[in-house]
Amino acid sequence: MGAFLLVHGDREYVRRPGEELQTDLGVLDVPEDVSHGDELETHLGEPFSVRELRGPDLFEHFERTGAPMMPRDAGLVMGHTGAGGGDRVLDAGTGTGVLAAYLARAGAEVTTYETDPEFAEVARENMELGGVADRVEVRAGDVTEHLDELVEEGPFDVITLDTGDSAAVVERAPELLTAGGFVAVYSPFVESIKETVGAASDSLTDIRTFETIQRRMDVGERGTRPSTAGVGHTGYLTFARKE
């Protein structure tokens, strides 16, 4: 069983059934049979509501090993590839594991590669936290060194990549993907887009690249306007499809 959010006002804590929460509001023992919608009290009588972890909560509460993929980028990947229940997804550049967890929560079976063994172990713990460890296999290693065996393991319905050597995987995408399958590549820098598109252009179709920009709106008594805080740009997403 995964973890739950314990919420008191604007405070949020993540705990698993059977664990203990200690705060200045008191001590709370999370029951083994806790469920979404319960209300628990600390020994001081302070109430906490119990919520299931949802996608945005994973982004906020996963242990981070770098900058995780933003929820809006994960949403675009899922929206443009249609990844969901019953799909097999090959992912590389696991990092914190936000995208892998989103895909698994949508019902996909995910095999994801992370080059740093310590980061891979953190990602496995995050999958446990998110309740999707049974649908996400985190492998430590460089995906480009395992492409031949992955061809044998395939075909995959979707390939998602967030690595510096994504083009090398894209070149092998026709061997890895099922007919009609998609590849999605996240690039933080514009320079890598041309390499990715070049690798896709010989054998994939419907190649499209988008810059992901989102502006938050501030709504106040004086009026409504785009927020002056934060950066709207995150990166670039390239999609392509096997015929």
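All values below were derived from every heavy atom in this structure, side-chain atoms included, with hydrogens, water molecules and symmetry-related copies excluded. The chain is numbered in sequence order, starting from 1.
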Can you tell me which residue pairs pass the side chain to side chain donor-acceptor pair (under 3.5 Å) test with a partner in residues 82-100, sequence neighbours excluded?
D91-T112, D91-T160, T94-T112

Shortest non-hydrogen separation from A167 to E195 and the atoms involved:
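Smallest interatomic distance, heavy atoms only, reads CB-CG, 3.6 Å.
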
Here the pair of heavy atoms bringing V14 nearest to A3 is CG1-CB, 3.5 Å

May I ask you to decide if [Y]'s main-chain N or O and [X]'s side chain share a donor-acceptor pair within less than 3.5 Å?
X    : Y    : answer
H43  : G26  : no
S192 : P188 : no
E114 : G95  : yes
N126 : E63  : yes
Y102 : G55  : yes
H61  : Y13  : no
T42  : L25  : yes
T115 : D142 : no

Treat each ILVMFWY residue as a node, draw an edge where side-chain heavy atoms are under 4.5 Å apart, and state whether V138 and M69 are in one component.
yes

In this structure, would L44 and V7 fall into the same cluster of hydrophobic residues linked by side-chain contacts under 4.5 Å?
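They do not share one cluster, since no chain of ILVMFWY contacts under 4.5 Å joins L44 to V7.
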
Is any side-chain N of the basic residue among R216 and D218 closer than 4.0 Å to the acidic one's carboxylate O?
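Looking at D218 together with R216, the answer is no, because their closest N to O distance does not fall below 4.0 Å.
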
Side chains of [X] and [Y]: closer than 4.5 Å at any heavy-atom pair?
X    : Y    : answer
R16  : L129 : yes
L204 : P174 : yes
V77  : Y186 : no
E137 : E109 : no

State which residues pass salt bridge (charged side-chain N to carboxylate O under 4.0 Å, His left out) with D148; sequence neighbours excluded, sorted by chain then number.
R172

CA sep, side-chain torsions, deciding dist, call: Y236, H233, side chain to side chain contact (heavy atoms under 4.5 Å, CB included)
CA-CA 9 Å; Y236 306 92; H233 164 87; 3.6 Å; yes

Of V143, L161, T144, which meets side-chain contact (heavy atoms from CB on, under 4.5 Å) against Y113?
V143

V34 vs F4, side chain to side chain contact (heavy atoms under 4.5 Å, CB included): CA-CA, chis, key distance, verdict:
CA-CA 9 Å; V34 67; F4 290 87; 3.7 Å; yes

Under 3.5 Å, is there a donor-acceptor pair linking the side chains of T212 and T234?
yes

Within 45° cone of F59 ring axis and under 6.0 Å: R64 NZ or CZ
yes

